[in-house]
Amino acid sequence: MIRRVGRFGWSRRLTALAFLTLIAVGGRVDPGWFTGTAAATEIGGVLRLVDPLAALESSLASRSLGIDVLLGAGLLLGFAVLMGPVFCGWICPMGLLLDLNEGLRIRVARVLGRRGVQLPAWHLPRSSASRLRFVVLGGLLGFALVGRWPVFQIVSPIQAVASSAAHGVTAMLALSAVVLAVDWLAPRIWCRALCPLGATYALAGAFAPFRVRVDLAEAGRTPCRSCTRHCPMGVPVMEEYALQGRPSVDALECTRCGACVDACPSSVLGFGVVDRSSSGGNGRRSGKTDAPRSAVAEPAREPRKVCEVGS
Amino acid sequence: MQRGDVSDRTPLRDGTMAVGSRRGFVAGLVALGCGAGAGAGLGAVARGSEVTARLRPPGAGRQSDFLAACIRCGQCSAACPQDALCVVGGWSVLLGGDFAGYATPEVDDPRARPCTLCPEHDAMPCVAACPTDALTDPGARDAVYMGTAVLNTATCFAYNGVTCRACWHACPYPGTALAFDERLRPVVAAEHCVGCGLCIHACLTEEASIHIAPRREQAARGGAA
């Protein structure tokens with residue numbers, strides 16, 4: 001297995017690390033302009049952001065909706081409506097740990113592979129995984145409404161990392177460790193099949209115009225499957241999008257992490273804004289024919305280089 | 001690989017194809033509904049289970065209402081100028097069965113770091129920092145209801161023949177929340193005590209002779225739990 005960490009890979013590790021550093025500094029040094037954890041942050045004494053799932057759970061459980069919650073969570077949801085679930089790929093502290101964990105796992109797998117030992121890599125079928133996340137999310141919301149506890153704010157492995165960085169509240173880190181351990185048997189099962197925060201952002205960003213666009217003129221010339229193999233969320237980027245004549249990766253799971261763009265040895269994939277007026281703003285297109293190239297705002301470019309099949 | 005040989009698109013009734021995100025969105029909503037039913041069932045089982053009463057920040061309501069609204073973000077604790085609020089989060093909390101209380105704030109040691117109700121601030125910083133309705137502005141400081149002070153008359157100096165007014169001097173509402181009886185012994189008026197714990201901080205006996213019984217499910221001060 002070959003994994004390349006390209007410019008987006010490094011960029012998103014940096015942004016996630018910056019967020020975690022801010023949390024630790026805000027909680028322990030108090031710079032005066034930032035305090036917060038993954039649940040809520042206050043920047044510059046003015047800008048308050050509230051985790052949308054925390055806001056939903058709290059509002060349902062307490063049957064109230066304050067202006068701070070509405071604005072703080074609304075800003076983040078509004079961002080996701082335009083940009084998709086970028087929190088997952090670029091900010092999430094647990095995502096950062098899983099990224100680093102994966103890097104380690106691949107190195108270990110390579111060493112073991114030379115000795116003929118294969119690491120297990122169990123995957124839930126994609127359709128079950130994507131549905132399970134929403135079942136978990138629904139379960140938490142139903143529980144919040146009836147049981148009156150915002151359960152995910154207690155057991156979240158994401159908040160466990162943030163909260164231990166900021167306040168030294170460490171007991172739930174055990175759960176984060178379990179998520180990292182399970183990741184060795186079933187890669188990314190937390191993000192793909194379980195995380196309710198990811199599910200919240202995925203629903204909000206389901207129709208986000210900012211997407212990974214596919215240059216259909218170049219797609220399929222060198223079907224190397226690099227994009228599919230590098231997608232942390234298990235989206236078959238090449239098979240279901242590039243080779244299906246779809247001008248953009250419309251998967252609900254896509255976190256805009258850019259792993260496929262980094263991995264693409266040609267110039268088939270890139271970030272762009274989907275022009276919804278020509279791709280069908282209501283989400284429907286006719287037939288199985290290739291969509292017009294004008295469906296993507298950015299014009300097609302010349303390929304940078306041609307890759308070997310299966311590189 | 002042939003173009004179009006792997007298809008995840010299902011024809012809709014009118015013969016057109018649904019884009020992945022739309023189909024996924026609808027499937028997601030259906031799955032969410034199923035989960036919500038299951039979660040509501042579990043919630044009904046868990047509802048009304050006993051919660052550990054802790055000395056919550058001023059502005060908190062009933063324990064159960066506080067636990068419902070608090071998102072465990074720790075912003076109140078970060079904002080507290082007195083360093084009186086800590087985030088509960090050790091193993092003992094979980095092992096002790098206080099699952100709901102994990103990562104919530106409490107005034108953990110009023111003997112050392114009591115809540116002063118921040119009279120120097122217009123709005124209490126913890127309440128101002130709280131992004132949800134877990135902490136709400138009580139209006140006036142004397143409307144705060146964190147708990148009720150309880151005297152240990154066995155060790156209290158005044159009840160054992162020694163004149164002492166330490167708690168009375170520390171109390172933000174002397175004469176109403178904490179008054180003296182005809183023998184100059186302190187008496188707590190439960191309908192006026194805000195439960196800040198300044199008396200615990202001031203108490204002169206080796207072990208404080210006064211403690212706060214945290215508010216449980218009482219709607220108003222002096223009421224039954």
Side-chain angles (χ1 to χ4, degrees), chain A residues 26-27 30 35-37 39-40 42 48 50-51 54 58 61-62 64 66 68-69 72 130-131 134-143 145-150 153-154 159 163 166-167 169-172 199 202-203 206-207 220 223 236 239-240 243-245 250-252 283-286 288, chain B residues 1 3-9 12 15-22 24-25 27-29 31-47 64-65 67-75 77-79 87-91 93-94 99-100 102-103 129-134:
Chain A
D30 189 14
T35 55
T37 52
E42 186 173 314
R48 286 184 164 187
V50 181
D51 174 319
S58 165
S62 66
S64 65
D68 274 345
V69 168
S130 59
R131 277 168 184 72
F134 297 110
V135 173
V136 173
L137 172 62
L140 288 165
L141 297 184
F143 191 98
L145 186 67
V146 179
R148 303 199 63 219
W149 287 352
Q153 304 319 308
I154 303 172
Q159 173 66 354
S163 183
H167 302 117
V169 173
T170 50
M172 269 310 166
L203 281 185
F207 304 105
E239 295 86 340
E240 281 188 16
L243 296 187
Q244 292 285 316
D250 302 327
L252 213 62
R284 287 182 187 193
R285 283 182 284 126
S286 57
K288 240 182 181 180
Chain B
M1 188 173 286
R3 185 165 284 201
D5 68 347
V6 183
S7 180
D8 189 39
R9 283 189 287 188
L12 297 171
T16 57
M17 298 286 171
V19 171
S21 60
R22 185 196 180 97
F25 184 74
L29 286 183
L32 188 118
C34 297
L42 283 174
V45 175
R47 185 167 196 172
S64 58
D65 290 345
L67 288 172
C70 175
I71 57 171
R72 281 77 171 163
C73 65
Q75 293 292 71
S77 161
V87 178
V88 174
W91 280 102
V93 180
L94 290 180
F99 175 72
Y102 182 79
C130 180
T132 70
D133 285 340

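Below, each value reflects all heavy atoms present in this structure, side chains not excepted, and no hydrogens, waters or symmetry copies. The model shown is predicted, which means the values in this text are computed figures rather than measured ones. Chain letters run A, B, ... following the sequence lines, proteins first, then strands; residues in each count from 1.
Contacts of A/S130 with chain B are absent, with no heavy-atom separation under 4.5 Å from either backbone or side chain. When heavy atoms are compared at a cutoff of 4.5 Å, B/A100 approaches chain A by way of both its backbone and its side chain. With a threshold of 4.5 angstrom between heavy atoms, A/V69 approaches chain B through its backbone and through its side chain. Interface remark: B/V45 contributes no atoms to any contact with chain A (heavy atom separation under 4.5 Å). Proximity to chain B is absent for every atom of A/L140, based on heavy atoms less than 4.5 angstrom apart. Residue A/L145: no heavy atom, backbone or side chain, is found under 4.5 Å from chain B.
Per-residue heavy-atom pair counts under 4.5 Å with chain B were compared for A/G26, A/A54, A/A199, and the maximum is reached by A/A54. No other option in A/S62, A/S64, A/A206, A/S58 has as many heavy-atom pairs under 4.5 Å with chain B as A/S58. Most heavy-atom pairs under 4.5 Å with chain A, from the set B/C130, B/A134, B/A129: that is B/A129. For the set B/A78, B/A103, B/G74, the count of heavy-atom pairs under 4.5 angstrom toward chain A peaks at B/G74. The most heavy-atom pairs under 4.5 Å with chain A, out of B/G89, B/A79, B/A40, come from B/A40. When the candidates A/A202, A/P150, A/A61 are compared by the number of heavy-atom contacts under 4.5 Å with chain B, A/P150 comes out ahead. Contact count against chain A (heavy-atom pairs under 4.5 Å) is highest for B/A69 among B/S77, B/G90, B/A69, B/C34. Of the listed residues (A/G27, A/P236, A/G36, A/A166), the one with the most heavy-atom contacts under 4.5 Å to chain B is A/G36.
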- Audit row: B/L29, A/F134, side-chain contact (heavy atoms from CB on, under 4.5 Å) steps and yes/no: CA-CA 7 Å; B/L29 286 183; A/F134 297 110; over 6 Å; no

- Message: Is there a side-chain contact (heavy atoms from CB on, under 4.5 Å) between A/M172 and B/L94? Walk through the geometry before answering.
- Response: CA-CA 9 Å; A/M172 269 310 166; B/L94 290 180; 3.9 Å; yes

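Contacts of A/R48 classified as salt bridge (Lys or Arg N to Asp or Glu O under 4.0 Å), with partners at least two apart in sequence or in another chain: A/E42, A/D68. Here A/A40 pairs with B/I71, B/C73, B/Q75, B/P131 under the side chain to side chain contact (heavy atoms under 4.5 Å, CB included) rule; sequence neighbours left out.
A/Q153 and B/R72 make their closest contact through O-CB, 3.8 Å (heavy atoms, listed as atom of the first residue, atom of the second, distance). Between B/D133 and A/G66, the shortest heavy-atom contact is OD2-N, 3.9 Å. For the pair B/F25 and A/L252, the tightest heavy-atom approach, listed with the atom from each and the gap, is N-CD2, 3.8 Å. Shortest non-hydrogen contact noted between B/Y102 and A/T170 is OH-C, 4.0 Å.
B/R47 contributes atom CZ, which lies 10.5 Å from atom CZ of A/F143 (distance to the nearest 0.5 angstrom). The SG atom of B/C70 sits 13.5 Å away from the CH2 atom of A/W149 when rounded to the nearest 0.5 Å.
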